[in-house]
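What follows is a short report on a single structure.
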Amino acid sequence: MPNRATQNATAAIDSMGQEEGNTATGGLRRRRVLVFPLPYQGHINPMFQLAGLLHARGFAITVFHAHFNAPDPSRHPAYDFVPLPDGMSAACTDDTAEPAVIATIKNIFAVNTSCEASFRERLAALLEAPGARDDVACLIADAHLLTLVDVARQQGVPTLALRTGSAACFRCFLANPMLCDKGYLPAQESQLDTPVRELPPYRVRDLMAISRNREEHDLTCKLLSRAVEAARTSTGFILNTFDALETDELATVRQDLGLPVFDVGPLHKISPAASSSILPQDRACLEWLDAQAPSVLYVSFGSLANMSGADLAEMAWGIANAGQPFLWVLRSDLVRGAARVTLPDGFDAVTRERGMVVEWAPQEEVLAHGAVGGFWTHGGWNSTLEGVCGGVPMLCRPYFGDQMGNARYVELVWRTGLALEGELERSKVEEAIRRLMRSEEGGRMRERAQELKRRAAEAITDDAAGSSLLSIDKLVNHILSLSLSK
Ligand code: UDP
């Protein structure tokens, strides 16, 4: 990677605009990319990774952001930051009694609404600065920020949309009206196991818009159609995936959108290590891993999923009874309605010798660590990709959103893991861990996972004309071709 990054380091320097320099690159003017991440961990990380790679190609970066889950500018000294005045804290709910999916979708809409006026104002101010209309190339916004994409376009700023899920998932976004027309959605309880013929290998229960009630159905459909609109009204669409992982899915998205689609993943392997973690990462677990044999099960459910106290107890005893070394991330808000996580009495005594529990881990590094031999995940897309790049088999326990679909791909398309479905019972947990970590079947999953890891590395290798590197070149050229309308 460094080769290409260095070669292209000046790609974004507009040699026509030599009048005023404000960069460290010899007084030439840099083109500037504005980015606006959705303020959730699984969206912030890929946006900052993308910003990192564009910065390495010579672009200046300005980050617009909400106060909610705001980034720490001191960790990104090379970027400019524009915090948007409030409204956010009041608008965003942290209601742990509400299902995570409903709370999250409402918060996403709240981010759009409460940032609209201030974004309009601050963007206009930025564009009024001398030379700014020539410097600024575009806004890259999270695909869930349609309102802000519209604001930028109204001010003549070309946009690109970044969707932080898989291509397969976005194919479901595009297909959502069809799924409603054909009666798959809203889902009936009796139809949950019906295969969705148009979107194999999904069943109805794997669809993102699967909902427990009408409110959730309507909110989800609105969320998906707004993301599709953000993509369709932009000049290009960016996905954190790679061609060998999702060849057909990418082809379908390209054909349907009729826009340039840039598959630039796995971003975390291309861009410098993300320093965009909202929670402090407990790095002591890396030292602990250094002292382990290569058989540790890493357990983490991302930043949003939550579970009942009863499920946590079943999970804990399943992990304890499986006898496998483990590193377990227990976020303080993991248990619904509880202020903190309490493990069952006796768990610590049984597992102390072979387990470590942390509140938040440096996950990318953990999954790249040789001692990790398996990953129990909720199946968020970043975690899935990080697991793919780690070459480890995965045990998937999805909760909401795209997680069910990702689990389906792990189990049936890439065949690099298992899905753990139904009631969470300690005996099922124990059995699933044994299958993943110690069975012949698990060994075959590991071999396929290693092959996928190799394909991921190829996608970002210069010598192999990596597909994602080529896509990044196209993205850089695309951005350089953009200019503001007057
Ligand atoms: N993550 C982390 N430390 C942890 C758990 C997760 O840094 O202990 C990061 C992980 O590397 C990933 C992100 O948080 O990049 C979670 O994103 P994902 O899409 O997997 O799930 P979400 O949080 O959006 O449900």
Side-chain angles (χ1 to χ4, degrees), residues 40-42 44-45 68-69 92-104 107 277-289 292 296-367 372 374-380 382-383 386-387 394-401 403 420 422-430 432-433:
Y40 283 105
Q41 190 69 76
I44 292 170
N45 286 357
F68 178 65
N69 284 343
C92 281
T93 154
D94 200 14
D95 183 354
T96 49
E98 191 159 44
V101 63
I102 294 194
T104 308
N107 281 352
S277 185
I278 299 169
L279 296 173
Q281 297 176 326
D282 185 341
R283 298 188 63 80
C285 62
L286 294 172
E287 273 171 45
W288 182 82
L289 283 173
Q292 306 299 315
V296 173
L297 177 69
Y298 172 60
V299 186
S300 161
F301 287 174
S303 62
L304 294 171
N306 55 27
M307 60 175 64
S308 66
D311 275 1
L312 180 83
E314 290 305 305
M315 204 178 154
W317 287 122
I319 289 175
N321 297 342
Q324 196 73 27
F326 65 88
L327 170 61
W328 189 359
V329 175
L330 283 175
R331 264 180 18 242
S332 59
D333 60 349
L334 185 68
V335 175
R336 237 180 342 267
R340 63 191 183 87
V341 178
T342 315
L343 284 164
D345 282 347
F347 176 83
D348 180 54
V350 177
T351 60
R352 194 176 301 138
E353 298 299 313
R354 62 187 154 81
M356 181 169 193
V357 173
V358 294
E359 234 179 84
W360 195 245
Q363 180 165 302
E364 293 168 22
E365 289 168 78
V366 166
L367 283 166
V372 172
F375 182 19
W376 183 354
T377 173
H378 70 308
N382 295 287
S383 295
E386 288 155 13
M394 291 183 249
L395 179 60
C396 304
R397 173 79 182 170
Y399 284 82
F400 65 85
Q403 297 158 16
L420 184 54
E423 289 291 303
L424 206 55
E425 290 161 5
R426 61 192 72 184
S427 57
K428 274 168 58 179
V429 169
E430 181 185 342
I433 295 174

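Since the structure is predicted, the reported quantities are computational estimates derived from the model, not experimental observations.
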Side-chain (Gln403) to main-chain (Phe400) donor-acceptor, under 3.5 angstrom: yes
Residues forming a salt bridge (charged side-chain N to carboxylate O under 4.0 Å, His left out) with Asp348, sequence neighbours excluded: Arg352
Where Pro362 and Asp282 come nearest, the two heavy atoms and their spacing: CD-O, 3.5 Å
Flag, side chain of Gln41 to backbone of Ile278, donor-acceptor distance under 3.5 Å: yes
Geometric class of the Phe347/Phe326 ring pair [parallel <30°, tilted 30-60°, perpendicular >60°]: tilted
Separation between CD of Gln363 and SG of Cys285, rounded to the nearest 0.5 Å: 10.0 Å
Side chain to side chain donor-acceptor pair (under 3.5 Å) partner of Tyr40, the single match among Asn107, Thr104, Asn69: Asn107
Ring geometry between Tyr399 and Phe301 (parallel below 30°, tilted from 30 to 60°, perpendicular above 60°): tilted
Any donor-acceptor N/O pair, Arg397 side chain to Trp376 backbone, under 3.5 Å: no
Arg331 side-chain N/O to Asn306 backbone N/O, donor-acceptor pair under 3.5 Å: no
Pairwise side-chain contact, Leu395 with Ile433, heavy-atom cut-off 4.5 Å (strictly under): yes
Main-chain N/O of Val296 paired to Arg354 side chain as donor or acceptor, under 3.5 Å: no
Non-hydrogen atoms of Glu430 and Asn321 that approach each other most closely: OE1-CB, 3.3 Å
Shortest non-hydrogen contact from Tyr298 toward Ala361: OH-CB, 3.8 Å
Stepwise side-chain contact (heavy atoms from CB on, under 4.5 Å) check, Leu286 with Glu365: CA-CA 8 Å; Leu286 294 172; Glu365 289 168 78; 3.6 Å; yes
Distance in Å, His378 NE2 paired with Leu304 CG, rounded so as to fall on 0.5 Å steps: 7.5 Å
Note, Val329 side chain near Val299 side chain (heavy atom, < 4.5 Å): no
Verdict with reasoning, Val372 to Val366, per side-chain contact (heavy atoms from CB on, under 4.5 Å): CA-CA 7 Å; Val372 172; Val366 166; 3.9 Å; yes
Gly387 to Leu367 - nearest heavy-atom pair and separation: N-CD1, 3.9 Å
Heavy-atom side-chain contact between Leu343 and Val357 under 4.5 Å: yes
Distance-minimising heavy-atom pair for Ala313 and Pro344: CA-CG, 4.0 Å
Glu314 bridged to Lys428 by N-O distance under 4.0 Å: no
For Trp360, all residues meeting side chain to side chain donor-acceptor pair (under 3.5 Å), sequence neighbours excluded: Ser277
Note, Val429 side chain near Leu420 side chain (heavy atom, < 4.5 Å): yes
Taking every non-hydrogen atom, the tightest pair across Ala305 and Leu334: O-CD1, 3.5 Å
Between OG on residue Ser308 and CE on residue Met315, distance to nearest 0.5 Å: 11.5 Å
